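Convention: sequence-line order gives letters A, B, ...; per-chain numbering from 1. Predicted model only: the values in this text are computed from it and were never measured.
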Number of protein chains: 2
Amino acid sequence: MTLKLDKVNRGPHLSTLVASSISREIAQGRLKPGDQLPTEQALATTFGVSRNVVREAIARLRSEGRIWSQQGRGAFVTDANNPTVLTIDYEALQRADSFRSLFELRGILEVQAAALAARRRSDADLAAMGEALAGMRAAPYGSVAWLRSDLEFHRSVAAATRNTYMGQFLVFVSERVRESILAAGNQQKSDDMARITLGEHERILAAIRASDAEAAQMAMRDHLAGAALRVGLHESDAVAEPAPVPEAASPVRHSRLRKAIRKQAAG
Amino acid sequence: MTLKLDKVNRGPHLSTLVASSISREIAQGRLKPGDQLPTEQALATTFGVSRNVVREAIARLRSEGRIWSQQGRGAFVTDANNPTVLTIDYEALQRADSFRSLFELRGILEVQAAALAARRRSDADLAAMGEALAGMRAAPYGSVAWLRSDLEFHRSVAAATRNTYMGQFLVFVSERVRESILAAGNQQKSDDMARITLGEHERILAAIRASDAEAAQMAMRDHLAGAALRVGLHESDAVAEPAPVPEAASPVRHSRLRKAIRKQAAG
DNA sequence: TAAATCAGGGTTGTATGATAACACGACAAG
DNA sequence: CTTGTCGTGTTATCATACAACCCTGATTTA
């Protein structure tokens, strides 16, 4: 048997600890928006570390948008909640309303992406989509290869929009959705589903190939509606079928750690 | 291969530039997942900065999950190309095509948000929008107060969608757009603009108040087209065409599904 | 009197050198 | 072949110094 040691016993860097500590101060309101942080030297002495470590911590918080600093003046807590990075809490996604929100957002992006792709796609884009579709045909429904090809199809649609951020955002959102679905583990598989899903993709590709933006939108919308059904969401208020909801044995990846950190922050 | 540090020395910190540069290497595939980065000393010399700056940049990339480092070994590109955070490169936004992409993405989100808001807005939402509009009326065009009220208006529209992530994403994207516009500083102001912009907002609010999703879409689309003109974008395809919004339901009140998922999460 | 200028201290940004902690391979001893 | 030791390279941290910049207040000037 193989030992399963904790992958990262790597003690957190001092800068991480300092950053967490400052972050906690902000979260708990002891440092209010607009407040000026102590000077780097002061922080260094109070934490018992070098000013260098403090600077790395501040650099991190600054990159997260929590604080901003100006040479010659000091560092301040950001007034508006204006993060420069966008994160999605894994745990929050376990709640149905959050999941629905994200799914809806994904739908908006995908549908518009399909329309843009229909207008701007190149032959290379079409080839990439076709290849991804072939990959889906070759793989069993729901397998890792199938999922990868599915993702690849949507990624190539996003790429065909010629909009860098569209691809970035879409991949980001889709990944979160996919993770959440995998964690729920209530996907039911059947050969019918494979056929139906493939058909949906083919219609999308056909519309994009024909440069028919409206048709591409519709096809993508249908596809997402179908996908929603397949994962147990329904567009109407009613839940379609009580999803078989058992065992989610190993889904939570970092939740324990996150919980621990949050507890620390709360204390 | 020193990059043009001298040119952009002012503004963002050196560590930001270094982080952007490394980040770009990863994004463009010159640094593949699993690859080891050059040593800090090597990076410092190639970039022409101190090792300290390189360390701050690496600390930032590490906090973003792009790379991982271990004492005594080196820094490596994270295997999974599945970032848990979404960031927008500051440098890239200075390029016109990137800016246009982001503006387009913002348009897609805003237009669809307007439609959703028209369907789901509450009286409180309407009040918030009206208040923001009043703030714009009271402030001189382009002033800080005006910009804040403008942002507040769009924020309250996003809030009215009842979609948490819609608000998060929209605020995130809008902030990046706004920053970029401020950095460019090529905004020309006039009283006419104030009147026109106010009128655009009023039409949006009226449509949302009337629960007319299509009109809200159109109004928002007009507004964004006008905004594009005002900041010097004249490509008409910078704003996506309005699209039929999927029949979407209120994201709340799915007790069965929610219960099921909660059960899963608990197990 | 009022405005402009300038000097000084305080703070962040960057550079530089040094030391400790750690990983890894080479190499000799058993 | 295994084990222990050592040397080298890298990251993590420390310490110090200087540059760039902001702010304030005194001083000078109109």
Side-chain angles (χ1 to χ4, degrees), chain A residues 3 5-22 26 31 34-79 84, chain B residues 2-22 26 31 34-79 90-91 183:
Chain A
L3 281 183
L5 293 177
D6 221 355
K7 176 179 170 185
V8 273
N9 195 3
R10 195 169 57 252
H13 302 153
L14 286 182
S15 62
T16 304
L17 295 178
V18 172
S20 298
S21 189
I22 297 177
I26 296 175
L31 276 175
D35 280 2
Q36 179 168 10
L37 274 76
T39 70
E40 294 179 349
Q41 189 56 54
L43 287 173
T45 57
T46 60
F47 282 117
V49 298
S50 82
R51 192 178 147 225
N52 223 316
V53 171
V54 172
R55 279 194 60 79
E56 281 187 24
I58 287 183
R60 176 167 172 171
L61 293 175
R62 190 172 41 218
S63 88
E64 290 173 1
R66 289 191 158 85
I67 68 174
W68 64 278
S69 60
Q70 188 177 0
Q71 183 172 158
R73 284 187 63 195
F76 304 84
V77 180
T78 311
D79 7 338
T84 62
Chain B
T2 63
L3 75 177
K4 55 257 171 174
L5 287 178
D6 322 83
K7 181 178 167 190
V8 267
N9 231 337
R10 210 43 45 202
H13 305 155
L14 287 182
S15 61
T16 304
L17 296 177
V18 172
S20 295
S21 187
I22 298 176
I26 296 176
L31 275 175
D35 280 2
Q36 179 167 9
L37 274 75
T39 69
E40 295 180 348
Q41 188 56 53
L43 286 173
T45 57
T46 58
F47 282 120
V49 299
S50 82
R51 192 172 149 237
N52 221 317
V53 171
V54 171
R55 279 194 60 78
E56 281 185 24
I58 286 183
R60 175 167 172 172
L61 293 175
R62 191 172 39 217
S63 88
E64 290 173 2
R66 288 191 153 86
I67 68 176
W68 128 84
S69 63
Q70 187 175 359
Q71 181 173 157
R73 285 188 62 193
F76 304 84
V77 180
T78 309
D79 308 20
Y90 180 84
E91 258 195 342

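- With salt bridges taken as basic N to acidic carboxylate O contacts below 4.0 Å, one links Glu64(B) and Arg60(B).
- Leu43(B) is not listed as a side-chain neighbour of Val18(B), based on a closest heavy-atom distance of 4.5 Å or more.
- Residue Trp68(A) contributes atom CH2, which lies 16 Å from atom P of dT11(C) at whole-angstrom precision.
- Looking at Arg51(B), its side chain has no donor and acceptor atom pair within 3.5 Å of the base of dG17(C).
- The side chain of Glu40(A) has dT12(C) as its nearest neighbour among dT14(C), dT13(D), dT12(C).
- Rounded to an integer number of Å, the gap from Leu43(B) CG to dT10(D) P is 11 Å.
- The nearest whole Å value for the distance from the CD atom in Glu56(B) to the C1' atom in dT12(C) is 11 Å.
- Panel note: side chain Ser21(A), backbone Leu17(A); no donor-acceptor pair is recorded below 3.5 Å.
- Between the side chain of Gln36(A) and the backbone N or O of Arg73(A), at least one donor-acceptor pair lies under 3.5 Å.
- The side chain of Arg55(A) approaches dT12(C) more closely than any other nucleotide in the set dA23(C), dA15(C), dT12(C).
- One can place CG of Leu14(A) at 16 Å from P of dA20(C), the figure rounded to the nearest angstrom.
- Proximity of Arg62(B) to His13(A): side-chain heavy atoms (C-beta onward) are separated by under 4.5 Å at one or more points.
- For Ser69(A) and dT11(C), the shortest distance from a side-chain N or O to OP1 or OP2 is not below 4.0 Å.
- The nearest whole Å value for the distance from the CZ atom in Phe47(A) to the P atom in dC14(D) is 13 Å.
- In this structure, Asn52(A) places its CG atom 17 Å from P of dA20(C), rounding to the nearest Å.
- Shortest non-hydrogen contact noted between Ala57(A) and Ala19(A) is CB-N, 3.6 Å.
- Taking only side-chain nitrogens and oxygens, Ser50(B) never comes nearer than 4.0 Å to OP1 or OP2 of dT14(C).
- Closest to the side chain of Gln70(B), from the set dT13(D), dT11(D), dA23(C), is dA23(C).
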Short N/O separations, protein against nucleotides 4-9 of chain D, under 3.5 angstrom:
from: dG9(D); atom 1: N2; to: Gly72(B); atom 2: O; distance (Å): 3.1

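- Counting to the nearest Å, the C1' atom of dG9(C) and the CD atom of Gln41(A) are 15 Å from each other.
- The nearest pair of heavy atoms linking Arg66(A) to Thr78(A) is O-OG1, 2.7 Å.
- Atom CD1 in Ile58(A) sits about 8 Å away from atom P in dG13(C), given to the nearest Å.
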